[in-house]
Each structure stands twice: as C-alpha cells, then as structure tokens.
There are 2 protein chains.
Amino acid sequence: MTQRDDFNALTTSATLADVARAAGVGESTASRVLRGKGAVSERTRAKVQAAADKLAYVPNRLAGNLASTGSNLVGIIIPSLTNIVFPDFLRGANQVLEAHGHQSVIAVSEYEAEREERLIASVLSWRPAGLILVGLDHTEGAKALLRASGTRLVEVYDTDGVGLDRLVGFSNRQAGAVAARHLIGRGYRRIGYVGHRIHLDIRAVKRFEGFEGALREAGLSVVAQEIGTGTSSVEAGREGLKRLLAQGIEIDACYFSNDDMALGGYFHCLSHGIQIPNQLAIFGHNGLDLARFAPQPLSSIRTPRAAMGEVAARMVLGQEQAKLIDIGFELLEGGTT
Amino acid sequence: MTQRDDFNALTTSATLADVARAAGVGESTASRVLRGKGAVSERTRAKVQAAADKLAYVPNRLAGNLASTGSNLVGIIIPSLTNIVFPDFLRGANQVLEAHGHQSVIAVSEYEAEREERLIASVLSWRPAGLILVGLDHTEGAKALLRASGTRLVEVYDTDGVGLDRLVGFSNRQAGAVAARHLIGRGYRRIGYVGHRIHLDIRAVKRFEGFEGALREAGLSVVAQEIGTGTSSVEAGREGLKRLLAQGIEIDACYFSNDDMALGGYFHCLSHGIQIPNQLAIFGHNGLDLARFAPQPLSSIRTPRAAMGEVAARMVLGQEQAKLIDIGFELLEGGTT
DNA sequence: TCAGGAATTGGCAGCGCTGCCAAACTCTGC
DNA sequence: GCAGAGTTTGGCAGCGCTGCCAATTCCTGA
C-alpha cells in the first residue's frame, strides 16, 4: 500500500477567459452559457460547453460572488457536535440548502458566546446569503455585527424570548412543564433531577425552569438534584443518577436534562436491578431514535430537529413568510414512566 | 412574544477604502493594519483600528482571497450526518482547522458517488486551501476534477486501497478480522451477521470481508446473515437480529455492521430475555461512548474518529510529513462477548 | 549638517467574474 | 430591397482586496 506522488502537480485552473478563447466567443457569452442565464444560440452554447468540459473548467465563485455581490453560502453556527441533536438539525438544513444550490459553512461555538461572536465575524466575512444561529443569547458585539451586516438571520431551537430577525424553534420552558405534568399525571411525587454543565446550556436551564414551575403549580418541588460539571453524555447521566441516589433522598421519578443523560440513568437502573418504572421513573428530552428502541422506550419529549433545520433553511432563503415559527414538540409516553 | 421588524434595515457594509479614508491613511496601510502584517507605526495602527471599529468593518474575504489567490476554506465531504461517527470526525477536524484560522465548508454525499462528485465541484469553486473526503472510492469525474484543481486532498477512514494524495485512516478489513478472531478466541463457533444497506457503505463491506476471511482461516464461516435495506440504526439492528433469529439457524454470536446496529441487537436480547453473552454474544464496531456505559459494555472496535479528524486537518494544512498514516483502532473487550 | 539606510506609507494594477450597454446580427412584413 | 423589431453577441468597468514598487519620512553616525 503505497501512496502515489504525482498528485498535485503544478496546475493552474482554467478561467472563464480561457474557456471563451477556446470556444472562440466573448467572455460574457461564455459566462451566460455556463450560468445558464441569458439568451444564447444553441450552437454557441454547445461550443462553450465543449470547451469548458475539455478544460475541466471550475468557476471561481470568489470572483463570481464578488462581482455580483452576494454569495450562495449560508453560515450555520451550532454549539456542539458531540450531541447528535445538532447534526440532526444540520441534516435538515443542509438538505434544503443543497437543493437550492446553497452551501453551508459550519462552525462550532462550544457553547461559548465569545467564540460565537468571533465565528460570526469570520462567517460574515464571506458575505453569506444568510446565517443560522442556535438560541437567542449572543454577545452585544455579535448583535452589532449582525445588525450592521444586514444578513438575513435565523435563530433556532428556542422561542422563550425575542429573536433578532427570524426565529424557529420551540419553547424549552413549555417542554419542561409538559415533562413535569406528565410525571405528576402518572402519580409521581418525589421527583429528582440530573443535569449537565448547566450554566452553559441555556436551553437546558429553561427546561428545568419550566419543569420546576409546573411542579410548583402542583404544590411540588424537585426534592433532589445532581448537576454534572461536564457536557451531557450517557456516562454523565449514569454517574449523575448514581450520585443522586447516594444522597439518600427518596425519589420515585427522575427528570434528566436530555436523552443522553437519561439513557445513562436507565443503564444505571438496569445494572443495579432498579425496576423501571415501578421503583424509579425516568424522563429525558429530545426523543432520540436510539432511546426509542430500548427494551422500555424512554419517555421523553421528541423535538423535531431535522424539520426545524428545514424550516430554518427555508427562512434563511426567504421562502417563509412568517418571522416566527413555533415548531412544537411531542410528548413521548414511553415505558420508563 | 413578538418579533422585531427593524432588523435588516438597508445596510451597506464598510469597505477597506472607507476605513482608510476615515483613518486618513492609504488603502494599503489600512490593509496592513487589519491583517497585522507588514510594518506599521503604532500611531497609524491605532488610528486605523479605531476607524475600523467605529465602522464595524468586516473584511470581505471574497475580495481578499480573490486578490491573494487561495482561501482559508477547507472543504469536508462526509457520507452522512445521521450516524454520530462523522460528526465526531468533524469535531476533531474542525478544532484543528479553527485553531489555524481556517473555516470548514461541509457537504454531505449521502453515500452517493455522483452526488459526491457534484459536491466536490461545488466546493472546489471556492478555491479551498484543501479538501477532505471520506473513503477511497470516487467517480472518475471526481478524480479528474481533483487532479486538475491541484488542491491538497486528504482521504480518511480507509486504508484498504491506494489514495489519491494524502491518506489517514485504518484498515476496515483488519478491523473485521480482529473482531472475528476475538469471537473465535472466546470460543464462539456459530456466528451470524447483521448488516445495513451494505452496497453503499463500502467500508462496512470491507469489514465484513475481513471478518469472513478470518473466520475462513479458522475453518469457520458466517452461518446466517441478515442485511437490512436502509441505513444503519438501532431500530434496524434490533429488527435485523430479530429476523436473523427467526431464520431458525442456531448461532452463539452475532457480528453487527456497527455499534448502532449492535445496540439494537443488544436491546432485542434484553427485551426477550436472551442472556448475553451466554446465549448470544454481540460484537459491534466504532466503540461509541454510549454503548460503553450499557449494563454490559458493548464489545466493539474503537475507532479514533476525532483523532483522525485532527490528523486529517493537520495533513490538509501541510503540517504532516507523512502521506499515509494508519491511525489504527482498538479492540474493546466488553461484556457482551 | 548631511548622506545613507531603514522604516513607513501610498498608488495602482490586477485577481476572475458579472452586469450593463452598445454593436452586430437575424428575421419579419410590406 | 428595406425599415423595424427582435435576438445574440462582445467590450469593458467595476466588485474589494492584496502585492508590488516607488515615494516619503525618520533615523543613524560622521
């Protein structure tokens, strides 16, 4: 198994002028043919196309977009790639964008607002057709940049607040409340919570707030909680529930900051012979596919991530009238509650 | 909750010339300050910086890169976003690229070679600094494009074959063989296989080939198999194992095309009271975190996806001498075999 | 004080493409 | 055969920036 060495031989790629010369036409004619716009006779069209093929011409969009002011790039800045939910979102967005000839520039903020601001500046320097951000919380500097740029902006994942331009998502607060009411409705009264590095994941905080609020309305409260210091993961959920139970406070149900965490809790119970849901009920958030096919499907809130990506993409392309779309969520009454 | 309307007011963003004028210096001086290269006196530096800040200047990289020929974009084309392994890879790559001031343009081929070719052309039109592709199998047209472009190319995930330029990955064939030898070593003899839409996932095919080869060396063979028609998922794995067992052929171990599938199989066994590993052993591929924290950690092959992303990024930036790096994999002797 | 060299600075020609406009065709119908 | 209207074509000025080179200013030390 050896690698070849003749790749990357000096190559200067052909320009539009090269194609035009080879086809014996003017630059603008060649341009018209290759972009498929403007009237061109069939005969010249064929000539130009042949020349382009022969030269393996790849248009230079740097030049094209500079000349026509405005690119077909769409920037997408997500908080993380470790949790499948953002790739799910990307998939939906990307599908629509690609179908409309747009390309995504993706950046990852790691849940840090300052980093997000830097990334926004970086992405804006490509003069994108639009920008998609997750959540409503951005630095003042970021907001100023966005406003000054005039780029179409779509914020996603969170409708608990006011967005800057367009917005598609769901209410995390309500999702938390729905989770709480579900548990209450099933008769659970001593409810615990296991969360992850919560100070950074603002939406998880909002869910918890909504959860607590609904408990309070029912005269209840979270009787024990355990907040991890790292990102969410199956491991963190498993550890979290273990520590929560070690507190010695009796609970009959546990709400987790998301499905990864909840699955960890579920695994902990399986390992330790804790009966689900009789001894302990488990509730997550996101409705991950993988948790739906556990022996007992995880009770959770299904968030339409890919659909949200599609809507966000359509919004960013200016194909949606509404400035605000609440895409909702769905209660999954699984077998763990 | 209402959306504001004053966003996207007509804004023409400031140009370098605007900044230069506002600072009372020449364009090239302003350019030097803002790029931080070239000697500039502290006094003018401050003036220019102040002007840029005041105007909320965001450089236009379309123009910048056009002028300097060559962008700081790196194209990454992956087969899919539904399986966490590619986001894992992206995360590693993205981290290194961002640290070096590069931006990733990401596209998804859905395992279709023709689509990959289109995406390559599309990405090349941005004159990226480099390109990362998954696997070694590309259309002739794609290869021609890549060769003609002279862009630095890194192929990843597969060393069972010869790459076009740079290459980092591991041998899927060997991974399959290691899995087989592990099962054989543990005494399993009647081995089944559950796979997914295998004609598209060439690397899964290679793993299976390696697996079968190692069985053959031991005088064994796969006694029953079930290949799904869709993409890999927990559900497909669960269904697959169910159908496999329904065939009525007795097996004592099952190899799955990856961990998602294997986890599905694991869940099936839990649901149906099949003792693992006594009645049935389960082996996956990828070493997903979430499967490591199941009651019985899934036996699997851990692939260093994020590390591979980092190496690929370094290669694409020209920071690696080697043209070929086998990054290996690790046998995870879990509790399911 | 002044030559000589270093440190700064500005001007301007492109990078490859698109958009506009005028020029050159082609076709009508009379 | 020709005006008039349509269809096709080519020329060229930018888009906003960088890279080069020349011009200017600022220091040296003698």
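So that the names make sense, note that chain A is the first sequence line, chain B the second, and so on, each numbered from 1. Basis for what follows: all heavy atoms, side chains included, without hydrogens, waters or symmetry-related copies.
When every heavy atom of A:L167 is checked against every heavy atom of A:D158, the shortest pair comes out as CD1-O, 3.4 Å. Closest heavy-atom contact between A:N72 and A:G101: ND2-O, 2.9 Å.
Checked by atom type and distance alone, the side chain of A:E116 never pairs as donor or acceptor with a backbone atom of A:H138 at under 3.5 Å.
If you take CG of A:N65 and P of D:dC17, they are 15 Å apart, rounded to a whole angstrom. One can place CG of B:L16 at 11 Å from P of D:dG16, the figure rounded to the nearest angstrom. At whole-Å resolution of the value, CG in A:L34 and P in C:dT18 are 8 Å apart. Between B:D18 atom CG and D:dG16 atom P there is a gap of 9 Å when expressed in whole angstrom units. The distance between atom CZ of A:R21 and atom P of D:dG11, rounded to the nearest whole Å, is 12 Å.
Residue pairs meeting the salt bridge (Lys or Arg N to Asp or Glu O under 4.0 Å) criterion with at least one member in residues 51-68 of chain B, sequence neighbours excluded, do not occur. Note on residues 82-103 of chain B: pairs passing salt bridge (Lys or Arg N to Asp or Glu O under 4.0 Å), not counting sequence neighbours, are A:R115-B:E98, B:D88-B:R91, B:D88-B:R305. Residue pairs that meet the salt bridge (Lys or Arg N to Asp or Glu O under 4.0 Å) test with at least one member in residues 127-142 of chain B, sequence neighbours left out, are B:E140-B:K143.
For B:Y157, the ring-ring contact (aromatic ring centres under 6.0 Å, His included) partners are B:F86, not counting sequence neighbours. A search for side-chain hydrogen bond (donor to acceptor under 3.5 Å, both in side chains) contacts involving B:H102 returns nothing, not counting sequence neighbours. By the salt bridge (Lys or Arg N to Asp or Glu O under 4.0 Å) test, B:E110 pairs with no residue at all, sequence neighbours left out. In this structure, the salt bridge (Lys or Arg N to Asp or Glu O under 4.0 Å) partners of B:R21, at least two apart in sequence or on a different chain, are B:D18. With sequence neighbours left out, the side-chain contact (heavy atoms from CB on, under 4.5 Å) criterion links A:T231 to A:R197.
In this structure, the helix from C:dT1-D:dA30 to C:dC30-D:dG1 shows an angle of 30° between the axis at its start and the axis at its end, each fitted on 5 base pairs and rounded to 10°.
Contacts of residues 41-51 of chain B with DNA chain C (heavy atom under 4.0 Å): B:S41, B:T44. Interface residues of residues 52-60 of chain B facing DNA chain D, ordered by number: B:Y57, B:P59, B:N60; criterion, heavy-atom separation under 4.0 Å.
Taking the nucleotide of DNA chain C with the nearest heavy atom to each of B:L66 and B:G24, the more 5' of the two is matched to B:G24. Closest-nucleotide positions on DNA chain D for B:R61 and A:A39 were compared, and the one nearer the 5' end corresponds to A:A39.
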Under the side chain to side chain donor-acceptor pair (under 3.5 Å) rule, what do A:R35 and A:S31 come out as? Steps first, then yes or no, please.
CA-CA 6 Å; A:R35 278 182 298 156; A:S31 171; 2.9 Å; yes

Check against side-chain contact (heavy atoms from CB on, under 4.5 Å), B:V19 and B:V48:
CA-CA 7 Å; B:V19 173; B:V48 171; 4.1 Å; yes

Polar pairs (N or O, both sides) under 3.5 Å between protein and nucleotides 19-26 of chain D?
{"unit_1": "D:dG19", "atom_1": "OP2", "unit_2": "B:R35", "atom_2": "NH1", "d": "2.8"}

